[in-house]
Amino acid sequence: MTELTVIPAANAELPEPRRNRHLINGEWQDSADGAQFERLSPSHLVKASLSARAGRTETDAAIAAARAAFDDGKWRGMPGKDRATLLNRVADLIDANRERIALIEVLESGKPIAQARGEIEGAADLWRFAASLARTVHGESHNNLGTEMLGVVLKEPIGVAAIITPWNFPFLIVSQKLPFALAAGCTAVVKPSEMTPSTTVILGELLIEAGVPAGVVNIVLGFGDPVGEMMSSDPRVDMVSFTGSTGVGKRIVAAASGTLKKVSLELGGKNPQVIFPDADLDAAADAIVFGVYFNMGECCNSGSRIIVHEDIARALLEKVNALSARVPFGDPLDERTQVGAIISDEHQRKIDAYVKQAEQAGARVEIGGASLGVPGLEGRFYQPTVISGVTPDMAIAREEVFGPVLSVLTFTEEAEAIRLANDAAYGLSAGVWSENIHTCLNFARNVQAGTVWTNTWMDGFAEMPFGGVKESGQGRELGRYGLEEYLEVKTIQLRVARGRSFWVRDR
Ligand code: NAD
């Protein structure tokens, strides 16, 4: 059996559990009925936070506050320059509070501390990027409609945005949405995942400190039922921006259909990477290992589906297996750890069930395939796992495992590789490894995905749009498109000629 790299308990001092309340119309509030929920740390099984649990009353109040703050016109009427100043101030406060945000993010999500710090830095960068966009909101003019007419296309904030986020990148994902909504002039109701509420609440504190007016951002803590469902169906909400599972995304579309509000969806993925025989195998193996174990594999962009040419499959597998054993799994509070704890017991069981099912269907577990004991910690961890001999019909080849589990399929012809890559309900990201630019471009142009990485995996930039096709979602975040999501188009048609008949007057 291959020896894995396990980082034992760092015995770090743990903070007192955080106490979280809703932010409604600028005030921190408990729930009217006193309901609460707690979050245990996945790695240490200690209480990380205790949060107010919203019902219909709090959700209704938050939506009303966001509606009023939009309708009074002050926020959307504020010059973009001033909104940009505010967003930049939030970015500076995020930087100044990086350590405390990162620590609670680790305790609630199980992700490693060094990674969490990087995410908080990345989030601050998104607030700065959105600040720069706040000054660029503009439409177009049409001066070629004939001498009598002038056309103006205005871009306006869409209104009240409901923002619903998942547990895997709590602070980063809210920062892919909220600053862009605010830059556009929208107001918002935000619901973080019930597993990871704290860093969104800290963000609320920073927003107040930065001077964001009451009611512009409201935060409601709680579950999909009733909070998320109300946010998706209420007629006072103009759009829903959701990141999460495809199943819940479909429910949100159904809930939103009653009012035909706009829905932006960032959903799951079963992201393929195709490795051609001329690829740099060392670079590919390194990126594959990063792509599948990053954030414990609990990542929409997990590169969980490798499609490798038959001639190089064994050579690549040997490299991937050897690197997998070297990745430090263990206590997320240790600086050396690169892979931390699994989010919940239920999820750990789900990951294991996929692995066992694949084994029974004839696939081979090359490394891992079971839960991982970390000395000194009670929490739940899963071994780095590589499964070869996977066929396209197996669940592990088609469904999102959302764990540190790599499925390896093989191909012999280029067209077959592209067909296999597209053989999934998802279409979030895809990758290609080859030294031949024509091979890379042919793949990039034919694969069904929102993002294609060539000879790399999971790079991301504030400037580059991100999103999925097929059942991976609709709409885009980041880049200029990330701002456009929150803007509505209004057409103004001006008759500028005087004294001419419009229709019947001169007849
Ligand atoms: P989830 O769908 O279970 O929950 C996401 C959020 O939706 C949570 O806040 C939850 O409380 C809320 N919710 C649950 N039921 C709801 C309902 N009926 N109406 C409205 N809201 C409801 O997802 P998760 O388990 O937190 O996150 C993992 C999923 O997110 C994975 O499928 C992953 O691929 C996806 N994800 C996608 C991206 C992306 O950018 N494409 C990024 C990160 C995560």
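Computed from heavy atoms alone, side chains included, the values below leave out hydrogens, waters and symmetry copies. Just so you know, ligand 1 is whichever comes first in the structure, and atom 1 is the first atom listed for that ligand. Small disclaimer: the values here were computed from a predicted structure and weren't measured. Just so you know, residue 1 is the first one in the sequence shown, and it goes up from there.
When distances from atom 4 (O) of ligand 1 to the protein are checked, no heavy atom turns up under 4.0 Å.
Side-chain N/O atoms of Glu38 and Ser51 include no donor and acceptor closer than 3.5 Å. Side-chain atoms of Tyr486 and Ser264 include no donor-acceptor pair closer than 3.5 Å. In this structure, a donor-acceptor pair under 3.5 Å is absent between the side chains of Glu471 and Thr246. A donor atom on one side chain and an acceptor atom on the other are found under 3.5 Å apart for Thr243 and Lys177.
Side-chain rings of Tyr293 and Phe329 approach one another, their centers coming within less than 6.0 Å. Taking the centre of each ring, Phe402 and Trp167 come in below the 6.0 Å mark.
The CD atom of Glu400 lies 7.5 Å from the OG atom of Ser304; values are rounded to the nearest 0.5 Å. The NZ atom of Lys470 sits 5.5 Å away from atom CG of Asn422, with the distance rounded to the nearest 0.5 Å.
Here the protein heavy atom with the shortest distance to atom 24 (P) of ligand 1 is Trp167 NE1, 3.3 Å. When only non-hydrogen protein atoms are considered, atom 12 (C) of ligand 1 lies nearest to Ile164 CG2, 3.8 Å. Counting only heavy atoms of the protein, atom 2 (O) of ligand 1 lies nearest to Ser245 OG, 2.6 Å. Atom 27 (O) of ligand 1 has its closest protein heavy atom at Pro166 CB, 3.3 Å. The protein non-hydrogen atom at the shortest distance from atom 21 (N) of ligand 1 is Gly228 CA, 3.6 Å. Here the heavy atom of the protein found nearest to atom 7 (O) of ligand 1 is Phe242 CE1, 3.2 Å. Atom 42 (C) of ligand 1 has Cys300 SG, 3.0 Å as its closest protein atom, hydrogens excluded (heavy atom only).
Contact annotation for Arg251 and ligand 1: only side-chain heavy atoms (C-beta onward) come within less than 4.0 Å of the ligand. With a 4.0 Å heavy-atom cut-off, ligand 1 is reached by no atom of Asp225. Residue-level proximity to ligand 1 for Phe169 is absent, since no heavy atom of it falls below 4.0 angstrom.
Contact atoms of ligand 1 toward Ile173: 42 (C), 43 (C) (distance under 4.0 Å to a heavy atom of the residue). In summary, the atoms of ligand 1 found under 4.0 Å from a heavy atom of Asn168, numbered by their order in the structure, are 43 (C), 44 (C). The ligand atoms of ligand 1 that sit less than 4.0 angstrom from a heavy atom of Phe402 are 28 (C), 31 (C), 33 (C), 34 (O). Close approach of ligand 1 to Phe466 is summarised as follows: ligand atoms under 4.0 Å from at least one heavy atom of the residue are 40 (O). Close contacts of ligand 1 with Thr243, meaning ligand atoms under 4.0 Å from a residue heavy atom, involve 5 (C), 36 (N), 37 (C), 38 (C), 39 (C), 40 (O), 42 (C), 43 (C), 44 (C). Remark: ligand 1 atoms within the under-4.0 Å shell around heavy atoms of Gly224 are 11 (O), 13 (N), 14 (C), 15 (N), 16 (C), 22 (C). The Glu194 neighbourhood of ligand 1 comprises atoms 10 (C), 11 (O), with distances under 4.0 Å to a heavy atom of that residue.
No N or O atom of Ser472 sits closer than 3.5 Å to an N or O atom of ligand 1. Residue-to-ligand polar distances place Lys191 within reach of ligand 1: an N/O pair is separated by less than 3.5 Å. Of the polar atoms of Glu400, at least one N or O is found under 3.5 Å from an N or O of ligand 1, judged by distance alone. Taking any N or O of Leu267, backbone or side chain, at least one lies under 3.5 Å from an N or O belonging to ligand 1. Checking only distances, Thr165 does come within under 3.5 Å of ligand 1, N or O to N or O.
Residues Leu40 and Leu45 approach most closely at CD2-O, 4.2 Å, considering heavy atoms.
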Original post:
Given the rule in the salt bridge (charged side-chain N to carboxylate O under 4.0 Å, His left out) test, do Arg67 and Asp234 qualify, once you have shown the distances and angles that lead to the verdict?
Top reply: CA-CA 11 Å; Arg67 184 77 255 165; Asp234 194 291; over 6 Å; no
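Heavy-atom neighbours of Arg56 CZ from other residues, nucleotides or ligands within 6.0 Å: at or below the threshold of 12.
Within the 4.5 Å cutoff, no side-chain heavy atoms of Leu478 are placed close to those of Phe461. A 4.5 Å side-chain heavy-atom check between Leu107 and Pro15 finds at least one atom pair inside the cut-off.
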Contacts table for residues 121-130: side-chain donor-acceptor under 3.5 angstrom, sequence neighbours left out:
| unit_1 | atom_1 | unit_2 | atom_2 | d |
| --- | --- | --- | --- | --- |
| Glu121 | OE2 | Arg98 | NH1 | 2.3 |
| Trp127 | NE1 | Ser175 | OG | 3.0 |
| Arg128 | NH1 | Asp95 | OD2 | 3.3 |
| Arg128 | NH2 | Asp92 | OD1 | 2.8 |
| Arg128 | NH2 | Asp95 | OD2 | 2.8 |

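Of the candidates Ser233, Cys299, Ala162, Gly244, it is Gly244 that places a heavy atom closest to atom 35 (C) of ligand 1.
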